[in-house]
Student: 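Submitted below is the structure of interest, expressed as structure tokens.
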Amino acid sequence: MNKLKLTCLAASLGFASISANAVLITEWDYLNEAGFDQWTSDANSIDPTGIDATGETLDDFDPLFGGELPKSLAWGDPYSAENPDLKKSALNIEESKSGSVTTSVVDGVGALAFSEGTGLVHENWGVTGETLVAATLFDGLFLGPTAPVAFPLAPAPVLQFGVIFEETYNTPTNNICKYAPAEQVGAQGINEEGCADLFTIVLGPDVTYTEVGNDIYLTNSFVLPIPGYDDYVYTLTTRLQGLEVLGDVDCGPNATCIGFLTEEDKTNELKAGFAISAAQVSEPGTLAIFGLGLLGLAAVRRRA
């Protein structure tokens with residue numbers, strides 16, 4: 001988001017007319033972008049030894065995160081007996097997504113209509129040596145109303161999710177994998193090529209989640225602080241799908257956590273989408289202009 005866009009937004013807010021009637025924003029433009037920060041191969045410090053970082057986010061990401069961020073982290077020495085193609089393990093962020101999204105549910109009427117967000121891919125291959133232990137992933141969403149009025153895209157304030165990523169033993173005691181289902185390595189399913197690894201997302205206090213089938217819905221809310229446009233609270237629902245969900249993950253006291261299993265010797269994709277709903281309120285709220293989530297990712301050393 002460049003300074004010109006932010007200046008235009010400030011001007012448009014300043015000249016917005018005061019209206020006695022509540023105005024519902026029905027259409028929005030969006031840009032969704034993400035990048036990594038503070039990755040490490042040392043559980044006790046920020047030490048990037050053994051991790052290759054490549055790719056960059058767009059310039060639009062600069063105001064939130066102080067510059068372009070890498071979109072890919074790769075690590076480890078390929079273990080040829082298990083990984084004959086000599087691939088490194090990696091976390092790759094998809095390219096930015098942009099387009100339009102509607103306010104698809106109003107005062108409880110309608111069904112959520114999701115637009116495509118920026119996903120995350122885990123390349124899970126047999127490696128030895130130093131591996132990714134921890135990282136932070138910033139996920140930036142920019143929204144701009146287009147109907148019935150138009151404002152420039154504006155960045156959302158940032159909420160932070162911590163994420164733990166555990167690379168499990170592929171040959172555990174008695175060949176029984178650590179995470180559900182409790183079955184032997186090689187059994188048909190999630191542990192067929194070795195014990196599945198585990199992403200665990202630690203939610204911040206301002207974000208709630210529900211399980212909808214095999215998907216996870218994260219929600220947080222915002223208002224537009226513009227007279228005449230602040231009578232609706234908008235809820236941003238982010239849908240995560242594509243990985244098997246492991247519930248009841250214990251990641252410490254006073255923490256709400258969601259686990260996702262990723263298969264060995266495969267490319268695992270955590271797909272993201274988002275939808276917007278609205279509810280009219282009698283008294284305008286004082287929430288932020290927009291709502292946004294960012295994901296922090298962490299990993300523990302892979303056991304070859």
Side-chain angles (χ1 to χ4, degrees), residues 41 43 50-51 72-94 119-135 137 161-203 209-218 239-252 255-272 295-304:
S41 56
I51 301 173
S72 178
L73 301 177
W75 62 89
D77 301 318
Y79 178 53
S80 60
E82 181 182 334
N83 181 8
D85 293 331
L86 303 181
K87 300 177 182 179
K88 284 194 169 189
S89 288
L91 292 177
N92 300 315
I93 299 170
E94 293 180 340
L120 176 69
V121 175
H122 176 210
E123 298 285 351
N124 193 357
W125 311 109
V127 296
T128 61
E130 292 181 298
T131 69
L132 182 69
V133 170
L137 187 158
F161 306 134
V163 177
I164 301 167
F165 172 44
E166 180 181 352
E167 296 206 49
T168 58
Y169 285 106
N170 286 337
T171 54
T173 303
N174 298 325
N175 262 356
I176 300 298
C177 292
K178 181 176 181 179
Y179 294 112
E183 60 184 15
Q184 288 191 342
V185 175
Q188 185 175 3
I190 192 73
N191 296 317
E192 186 170 356
E193 300 297 328
C195 293
D197 295 337
L198 176 68
F199 285 97
T200 300
I201 300 177
V202 185
L203 299 183
Y209 89 96
T210 56
E211 293 188 40
V212 181
N214 293 323
D215 302 338
I216 292 293
Y217 284 16
L218 309 175
R239 180 180 64 189
L240 302 177
Q241 58 182 176
L243 299 180
E244 185 168 326
V245 177
L246 181 67
D248 300 323
V249 177
D250 183 8
C251 59
T256 301
C257 302
I258 311 168
F260 299 92
L261 295 174
T262 64
E263 295 185 59
E264 291 289 331
D265 298 334
K266 290 185 180 295
T267 297
N268 298 270
E269 183 178 1
L270 184 60
K271 299 177 181 180
L295 303 179
L297 296 177
V300 295
R301 180 176 300 274
R302 178 185 179 83
R303 311 293 184 177

Student: Please report the interatomic distance OG1(Thr128) to OH(Tyr79), rounded to the nearest 0.5 Å.
Tutor: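 Answer for the OG1-OH pair, Thr128 versus Tyr79, is 8.5 Å.
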Student: Can you tell me how far the CG atom of Leu218 sits from the OG1 atom of Thr210, to the nearest 0.5 Å?
Tutor: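 Going from the CG atom of Leu218 to the OG1 atom of Thr210 covers 8.5 Å.
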Student: Where do Trp125 and Ser89 come nearest, in terms of heavy atoms and distance?
Tutor: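 Heavy atoms of Trp125 and Ser89 come nearest at O-OG, 2.9 Å.
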Student: Lys178 and Cys195: which non-hydrogen atoms are nearest, and at how many Å?
Tutor: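 Taking Lys178 first and Cys195 second, the nearest heavy atoms are N-SG, 4.5 Å.
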Student: Let me know which of Leu243, Val121, Leu198 forms a side chain to side chain contact (heavy atoms under 4.5 Å, CB included) with Thr262.
Tutor: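 Single pass found, and it is Leu243.
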Student: Could you pull out the closest heavy-atom pair between Tyr217 and Arg239, with the gap in Å?
Tutor: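 Heavy-atom minimum between the residues: CE1-CG, 3.4 Å.
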Student: Just to verify, what does Val245 make a side chain to side chain contact (heavy atoms under 4.5 Å, CB included) with, not counting sequence neighbours?
Tutor: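 Val245 satisfies side chain to side chain contact (heavy atoms under 4.5 Å, CB included) with Glu211, Ile216, Ile258, Phe260 only.
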Student: Tell me every residue that passes side-chain hydrogen bond (donor to acceptor under 3.5 Å, both in side chains) with Lys88, counting only those two or more places apart in sequence or in another chain.
Tutor: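 Scan of Lys88 (side-chain hydrogen bond (donor to acceptor under 3.5 Å, both in side chains), adjacent residues dropped) gives Asp52.
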Student: Between Glu82 and Asp265, which heavy-atom pair has the shortest distance, and what is it?
Tutor: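 In terms of heavy atoms, the two residues are closest at OE2-OD1, 3.6 Å.
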Student: Donor-acceptor check, side chain of Glu244 to backbone of Leu261, threshold 3.5 angstrom: yes or no?
Tutor: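 Looks like no, no N/O pair under 3.5 Å.
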Student: Taking all non-hydrogen atoms of both residues into account, name the closest pair between Asn83 and Pro78 and its distance.
Tutor: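 Looking at all heavy atoms of both residues, the closest pair is ND2-CB, 3.6 Å.
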Student: Quick check for you: to the nearest 0.5 Å, what is the distance between Asn268 atom CG and Leu120 atom CG?
Tutor: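 Those atoms lie 10.0 Å apart.
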Student: Output all residues satisfying side-chain hydrogen bond (donor to acceptor under 3.5 Å, both in side chains) with Asn92, sequence neighbours left out; order by chain, then residue number.
Tutor: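 Counting only residues at least two positions away or on another chain, Asn92 forms a side-chain hydrogen bond (donor to acceptor under 3.5 Å, both in side chains) with Ser72.
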Student: Does some side-chain heavy atom of His122 sit less than 4.5 Å from a side-chain heavy atom of Asp197?
Tutor: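 Yes, close enough: below the 4.5 Å cut-off.
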Student: Taking all non-hydrogen atoms of both residues into account, name the closest pair between Ile190 and Glu263 and its distance.
Tutor: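 Shortest heavy-atom separation between Ile190 and Glu263 comes out as CD1-CG, 3.2 Å.
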Student: Contact between Glu264 and Asn124 at the side-chain level, heavy atoms closer than 4.5 Å - yes or no?
Tutor: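 Yes, at least one pair of side-chain atoms sits under 4.5 Å.
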Student: Quick one: side-chain hydrogen bond (donor to acceptor under 3.5 Å, both in side chains) partners of Asp77, sequence neighbours excluded?
Tutor: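 Residues passing side-chain hydrogen bond (donor to acceptor under 3.5 Å, both in side chains) with Asp77: none at all.
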Student: With sequence neighbours excluded, what pairs up with Thr267 under the side-chain hydrogen bond (donor to acceptor under 3.5 Å, both in side chains) test?
Tutor: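 Glu123.
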